[in-house]
Amino acid sequence: MFSKEKTIFAYTVEKCNKCNLERKRKFQVGDVLFTETSKCNSCNGITVIEKIFGETIEK
Ligand SMILES: [Zn+2]
C-alpha cells in the first residue's frame, strides 16, 4: 500500500480579519484552529488560524 517513502509537512494558514491577508507558514505545536496567533504585517489587525493542512512530498 505504501510503497514509496513519503514525508508529510504540516502547514498553518493564518488570515487577518481586517485586511484578509493570508500567510502560510510551517505548523507549530500548539496551533489550534480559529485561535488568534500574531499581529498582521500589513495592518494592525490580529491574524487567526484559518486552516491547518498537510502536504505530502514524495521522495
Ligand atoms: Zn491585516
Side-chain angles (χ1 to χ4, degrees):
M1 218 174 141
F2 298 105
S3 55
K4 281 182 185 171
E5 194 183 335
K6 285 178 182 176
T7 309
I8 295 172
F9 285 101
Y11 289 98
T12 300
V13 176
E14 299 173 329
K15 190 176 183 182
C16 175
N17 282 328
K18 222 170 169 183
C19 67
N20 286 330
L21 182 93
E22 281 189 40
R23 199 169 43 169
K24 182 175 141 184
R25 61 165 171 82
K26 274 187 182 173
F27 174 80
Q28 286 175 342
V29 177
D31 283 350
V32 179
L33 269 180
F34 309 123
T35 54
E36 295 175 352
T37 52
S38 54
K39 277 200 174 165
C40 175
N41 285 334
S42 59
C43 72
N44 280 323
I46 301 284
T47 55
V48 170
I49 294 180
E50 181 164 271
K51 215 190 298 180
I52 295 173
F53 65 100
E55 268 178 18
T56 309
I57 292 158
E58 288 186 30
K59 279 181 184 173

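Computed from a predicted structure; not experimentally measured. Note that ligands are numbered from 1 as they come in the structure, with each ligand's atoms numbered from 1 the same way.
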Original post:
Where do K39 and I46 land on the side-chain contact (heavy atoms from CB on, under 4.5 Å) test, with the steps shown first?
Top reply: CA-CA 5 Å; K39 277 200 174 165; I46 301 284; 4.1 Å; yes

Original post:
Do R25 and S38 get their side chains close enough for a donor-acceptor pair, meaning under 3.5 Å?
Top reply: no

**OP:** For K15 and N20, run side-chain contact (heavy atoms from CB on, under 4.5 Å): C-alpha distance rounded to whole Å, both residues' side-chain angles, the deciding distance at 0.1 Å, then the answer.
**Re:** CA-CA 6 Å; K15 190 176 183 182; N20 286 330; 3.7 Å; yes

**OP:** Name all pairs fulfilling the ring-ring contact (aromatic ring centres under 6.0 Å, His included) condition that reach into residues 26-59, sequence neighbours left out, sorted by first residue then second.
**Re:** Y11-F53

Original post:
Are there more than 12 heavy atoms of other residues, nucleotides or ligands under 6.0 Å from atom CD of E36?
Top reply: no

Original post:
Do the side chain of T37 and the main chain of T47 share a donor and acceptor less than 3.5 angstrom apart?
Top reply: yes

Original post:
Protein N/O/S atoms under 2.8 Å of the Zn ion (ligand 1)?
Top reply: C16 SG, C19 SG, C40 SG, C43 SG

